[in-house]
Amino acid sequence: MKLVYSAQNALDAQLVVDVLNQRGIFSQVDGAYLQGGMGELPALGLIRVMVSDDDFIVASTVVSSWEKGQLMDLPEISEKESSTPIERKADRSGMTGILNVITLLGVGCLVGVFATFMSLRSPVTYDGVDINGDGILDEHWKYAGDRVSESTIDRNLDGEIDIKTSFDYYGMAKRTDADNNFDGVFETMYLYDNDNVRISKSDTNNDGFYDLVEDYSDDVLQRITVINAKTKTPAKVKYYSLGRLVRAEVDTNENGMLDTVYEYDALERVVATDSLPAD
């Protein structure tokens, strides 16, 4: 199953499910129960409409058109293609069924457009948490209407913010700036895809140049690149599997070319060394 829509609430999710169902696309809502469990706080994109991998491309197009308020002609669904008695009954209902579908889509579009309009016009509000009970908020959340747009955290509880995250319209993280050595400088930047870290870049000596780059796949570390600030080329590239170092490529003479490769065992001991061919 793939995520096709992150909803603001259960009603929002059900509207999308209804639209997809009318196009013959089966979908389901995940995380609706979390809304009530989070009390007054928004569900932060946890209510999601999911579709099968095969239906994802078509479903994405339908949802995108629905969000823009653009109605599309509904495809014909033959009795042979229908997989349930309900679908076959709907197919035989003739003009009445078609009118009901159009009405439902129209109402859904109006509700979606109105909700979006009101959300964008909603006032900015703030909330937070005092983690250590000293009367000072250590986590702050900024909201535009009922959706979080930014968060800040004091991780070491020293009274200074050391991590800032911005979120997109669906409540998914877009970018985080972090002070990971708690010196008051935000030296590390994280970028996200689908709420998972994709890459991080760090300026380890605060000279304005990102000299350490980490690459991730679905939030899992794959590679760390150490960059020579003088040559602006990789000095060392380290590869990881399940958190362990398994391979490293090194520029041993600082000429801007990776020339030596090291292989590591499960205890990260060098077990093989070889030369890399020059490009």
Side-chain angles (χ1 to χ4, degrees), residues 2-3 6 44-46 128-129 131 138-144 147-264 268 270 276-279:
K2 285 189 176 182
L3 169 66
S6 293
L44 307 184
L46 294 177
V129 172
I131 296 175
D138 305 298
E139 294 188 20
H140 298 79
W141 305 310
K142 178 181 178 181
Y143 296 94
R147 61 185 180 88
V148 67
S149 61
E150 182 179 293
S151 71
T152 57
I153 303 175
D154 173 15
R155 291 177 291 177
N156 62 345
L157 306 178
D158 65 350
E160 300 293 333
I161 297 300
D162 45 65
I163 188 166
K164 300 184 295 186
T165 302
S166 59
F167 299 86
D168 64 15
Y169 178 78
Y170 300 105
M172 291 188 177
K174 293 191 303 182
R175 169 174 173 157
T176 293
D177 292 287
D179 174 13
N180 286 335
N181 57 3
F182 307 110
D183 65 351
V185 178
F186 290 87
E187 81 290 329
T188 303
M189 171 184 66
Y190 300 88
L191 299 178
Y192 299 81
D193 277 338
N194 296 323
D195 228 21
N196 292 325
V197 175
R198 172 175 58 85
I199 189 172
S200 74
K201 299 180 180 181
S202 300
D203 175 11
T204 62
N205 56 8
N206 295 334
D207 64 352
F209 177 75
Y210 289 120
D211 52 11
L212 187 68
V213 178
E214 298 180 353
D215 292 286
Y216 296 79
S217 175
D218 296 324
D219 225 17
V220 177
L221 178 64
Q222 303 293 317
R223 179 176 62 191
I224 296 178
T225 303
V226 180
I227 301 176
N228 188 321
K230 295 180 181 179
T231 64
K232 303 296 188 294
T233 57
K236 187 174 186 179
V237 181
K238 298 182 287 185
Y239 297 87
Y240 292 82
S241 176
L242 298 178
R244 285 192 176 130
L245 178 65
V246 295
R247 175 186 172 96
E249 299 173 358
V250 183
D251 175 9
T252 60
N253 54 18
E254 298 187 35
N255 66 348
M257 302 289 292
L258 297 171
D259 51 68
T260 304
V261 58
Y262 299 94
E263 303 287 346
Y264 299 84
E268 297 191 4
V270 176
L276 288 172
D279 292 335

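Quantities reported herein were computed from a predicted structural model and do not represent experimental measurements. When reading the values below, keep in mind they use all heavy atoms of this one structure, side chains included, and skip hydrogens, waters and symmetry mates.
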Would you please test Phe209 and Ile227 for side chain to side chain contact (heavy atoms under 4.5 Å, CB included) and show each step? CA-CA 9 Å; Phe209 177 75; Ile227 301 176; 3.7 Å; yes

Take Glu263 and Val246 through the test side chain to side chain contact (heavy atoms under 4.5 Å, CB included) and record every step on the way to the result. CA-CA 6 Å; Glu263 303 287 346; Val246 295; 5.8 Å; no

Under 4.5 Å between any side-chain heavy atoms of [X] and [Y], yes or no?
X      : Y      : result
His140 : Ile153 : no
Asn253 : Asp259 : yes
Thr188 : Lys201 : no
Asp154 : Asp162 : yes
Val237 : Leu258 : yes
Met172 : Leu3   : yes
Glu139 : Thr152 : no

So, is the end of the Lys164 side chain (NZ or CZ) under 6.0 Å from the ring centre of Phe186 and within 45° of the ring's axis?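 Flagged: Lys164 positioned over aromatic ring of Phe186.
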
Looking only at heavy atoms, which two atoms of [X] and [Y] are closest? And how far apart?
X      : Y      : value
Ile224 : Leu212 : CG2-CD1, 3.6 Å
Ala173 : Thr165 : CB-CG2, 4.0 Å
Gly243 : Glu268 : O-OE2, 4.1 Å
Tyr190 : Tyr192 : O-CE1, 3.8 Å
Arg223 : Tyr239 : CD-CE2, 3.6 Å
Asp251 : Gly256 : OD2-N, 2.9 Å

What distance do [X] atom [atom1] and [Y] atom [atom2] have between them, rounded to the nearest 0.5 Å?
X      : Y      : atom1 : atom2 : result
Ile199 : Glu214 : CD1   : CD    : 9.5 Å
Thr176 : Leu191 : OG1   : CG    : 9.0 Å
Tyr240 : Leu245 : OH    : CG    : 5.0 Å
Ser202 : Tyr210 : OG    : OH    : 8.5 Å
Tyr216 : Ser200 : OH    : OG    : 4.5 Å
Asp218 : Arg198 : CG    : CZ    : 12.5 Å

Between Trp141 and Tyr143, what is the ring plane arrangement, given parallel below 30°, perpendicular above 60°, and tilted in between?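 Correct class here is perpendicular.
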
Would you check, one step at a time, whether the test side chain to side chain contact (heavy atoms under 4.5 Å, CB included) holds for Lys142 with Val148? CA-CA 6 Å; Lys142 178 181 178 181; Val148 67; 6.0 Å; no

Should we count [atom1] of [X] as having more than 12 external heavy atoms under 6.0 Å?
X      : atom1 : value
Glu254 : CD    : no
Lys230 : NZ    : no
Asn194 : CG    : no

Are any of the side-chain nitrogens in Lys174 or Asp168 under 4.0 Å away from the carboxylate oxygens of its partner?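 Looking at Lys174 and Asp168, the cut-off is not met.
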
Less than 3.5 Å apart, any donor N or O on the side chain of Thr204 or Asp211 sitting next to an acceptor on the other?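 Yes.
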
Short side-chain to backbone donor-acceptor contact, Asp138 and Leu157, under 3.5 Å: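 Such a contact is absent between Asp138 side chain and Leu157 backbone.
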
Does the Asp203 side chain pair with the main chain of Asp207, one donor and one acceptor, at a distance under 3.5 Å?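 Yes; at least one donor-acceptor contact below 3.5 Å.
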
Test log, rule side chain to side chain contact (heavy atoms under 4.5 Å, CB included), inputs Ile163 and Asp177: CA-CA 6 Å; Ile163 188 166; Asp177 292 287; over 6 Å; no

